[in-house]
Amino acid sequence: MLEAYGPQGWWPLLDHAGRNPTLTGRLTGYHPGDFTFPHTESQRFEICCGAILTQNTAWTNVEKALVELVRAGLLSPRPILGAAEGALETAIRSSGYFRAKAKKLRAFAEFYLGQGGRTPGREALLSVWGIGPETADSIRLYAYGQVEMVIDAYTLRVLRRHGFCRPPLDYDRAKRYCEQHLPRTLADYQEFHALMVEHAKRLRAAGAPGRAA
DNA sequence: TTCCAGGCAATAC
DNA sequence: GTATTGCATGGA
């Protein structure tokens, strides 16, 4: 996949070091071959929020929500907790499930502050309302640079279809399988997950059946 | 118009 | 304990 698609440069980040956040993460947000992100605490928090907002949602919709959060001054834990009634919901409307996700962002902001800058363990993340296995692993892998395998719906589907392991293949089994068959480095884990998503997107564009099949 | 996206929690059986 | 349902917008 790497040879076919090239390095993906995940996790995409907004360019809000400058004053105007870019709308398309594609321009400045991806950073192929550079696994040193996040560079700032603000970027770390942005990745966490993106991981929550992208749950069952196209990334383009999430990008718009992130830009709105920056505009509203809400892409930061304390402002999220202090936001006026409905302000958070309005900012993230484009990401879908906006009421549920606003609640999730508040729950995470509280947890994040409680961490006091420490790297959260997987179990701790899973205990936060609104954070399940994929979101927890994404946050650890991309926001905290931990070598944590991320499995998504695409990866699960591909493993099943190619018969890599026998059913029932749930999240944890798929995770263990991938861990056993990949070099345990941050770069490999990040690249693998991003490439699986890219692979699935291309298959879909080429007319492959979706999740129903 | 219908389908579906980088899931998760609540509810039903 | 496993299966289903609700959450919601925007693009193809």
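Everything numeric in this text was worked out from a predicted model, so none of it was measured. Keep in mind that the numbers below use all heavy atoms, side chains included, and drop hydrogens, waters and symmetry copies. By convention in this document, chain letters (A, B, ...) are assigned in the order of the sequence lines, proteins followed by strands, and residues within each chain are numbered from 1.
dT11(B) sits 15 Å from dA8(C) when the P atoms are compared, rounded to a whole Å. dT5(C) sits 15 Å from dC3(B) when the P atoms are compared, rounded to a whole Å.
Among the heavy atoms of the strands lying under 4.0 Å from N61(A) is at least one base atom, whether or not backbone atoms are also near. Counting any heavy atom pair closer than 4.0 Å across all strands shown, A200(A) reaches no nucleic acid atom. Across all strands, W10(A) comes closer than 4.0 Å to base atoms (heavy-atom distances). Counting non-hydrogen atoms under 4.0 angstrom, I131(A) reaches the backbone sugars and phosphates but no base.
By the 4.0 Å N-to-carboxylate-O rule, R106(A) lies close enough to E89(A) to be salt-bridged with it.
One interatomic measurement links the two molecules: CG of D170(A) to P of dG1(C), which rounds to 15 Å at whole-angstrom precision. Put simply, CZ on F108(A) is 16 Å from C1' on dC8(B), counting in whole angstrom units. Atom CZ in F98(A) sits roughly 6 Å away from atom P in dA8(C) (whole-Å rounding). Rounded to a whole Å, the NZ atom of K64(A) is 17 Å from the P atom of dA5(B). For I92(A) and dC7(C), the CD1 to C1' distance is 12 Å, given to the nearest whole Å. Straight-line distance from the NZ atom of K101(A) to the P atom of dG7(B): 9 Å, rounded to whole Å. Atom CZ in R93(A) sits about 15 Å away from atom C1' in dC7(C), given to the nearest Å. Atom OH of Y171(A) and atom C1' of dC8(B) are 13 Å apart (whole Å).
Of the candidates dC8(B), dC7(C), dT9(C), the closest approach to any side-chain atom of K104(A) belongs to dC8(B). Distance from the side chain of Q55(A) is smallest to dG7(B) among dG7(B), dA8(C), dA5(B). Among the nucleotides dA5(B), dA8(C), dA9(B), the one closest to the side chain of Y154(A) is dA5(B). Closest to the A153(A) side chain, of the nucleotides dG7(B), dG10(C), dA9(B), is dG7(B).
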Show each protein N/O and nucleotides 11-13 of chain B N/O combination with a separation under 3.5 Å, one pair to a line.
none

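More than 12 heavy atoms of other residues, nucleotides or ligands sit less than 6.0 Å from atom CD of Q146(A). Enclosure of atom CZ in R78(A) is not indicated, since only 12 or fewer non-hydrogen atoms of other residues, nucleotides or ligands lie within 6.0 angstrom.
For K201(A), no side-chain nitrogen or oxygen approaches OP1 or OP2 of dG11(C) to under 4.0 Å. Contact between the side-chain N/O atoms of R204(A) and the OP1/OP2 oxygens of dC4(B) is not found at any separation under 4.0 Å.
Put simply, the side chain of S42(A) never gets that close to the backbone of T40(A): no donor and acceptor are under 3.5 Å apart.
One side chain, Y112(A) or E41(A), offers a donor N or O that lies under 3.5 Å from an acceptor on the other. Side-chain N/O atoms of R44(A) and Y142(A) include no donor and acceptor closer than 3.5 Å. Using modelled atom types, one finds no donor on one side chain facing an acceptor on the other under 3.5 Å when comparing H199(A) with Y154(A).
The aromatic rings of F108(A) and F111(A) are tilted relative to each other, their planes meeting at an angle between 30° and 60°.
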Validation: residues 118-132 of chain A side-chain donor-acceptor distances under 3.5 Å, sequence neighbours left out:
residue : atom : partner : partner atom : Å
R122(A) : NE   : D137(A) : OD1          : 2.6
R122(A) : NH2  : D137(A) : OD2          : 3.1
S127(A) : OG   : A124(A) : O            : 2.6

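Checked against a 6.0 Å centroid threshold, the rings of Y177(A) and H181(A) count as neighbours.
Nearest-nucleotide mapping onto DNA chain B: of W129(A) and H193(A), the residue sitting toward the 5' end is H193(A).
Within residues 133-144 of chain A, the residues approached by DNA chain B to less than 4.0 Å at the level of any non-hydrogen atom are P133(A), E134(A), T135(A), in residue-number order.
Of the candidates T135(A), I92(A), N61(A), L53(A) forms a side-chain contact (heavy atoms from CB on, under 4.5 Å) with just one, namely I92(A).
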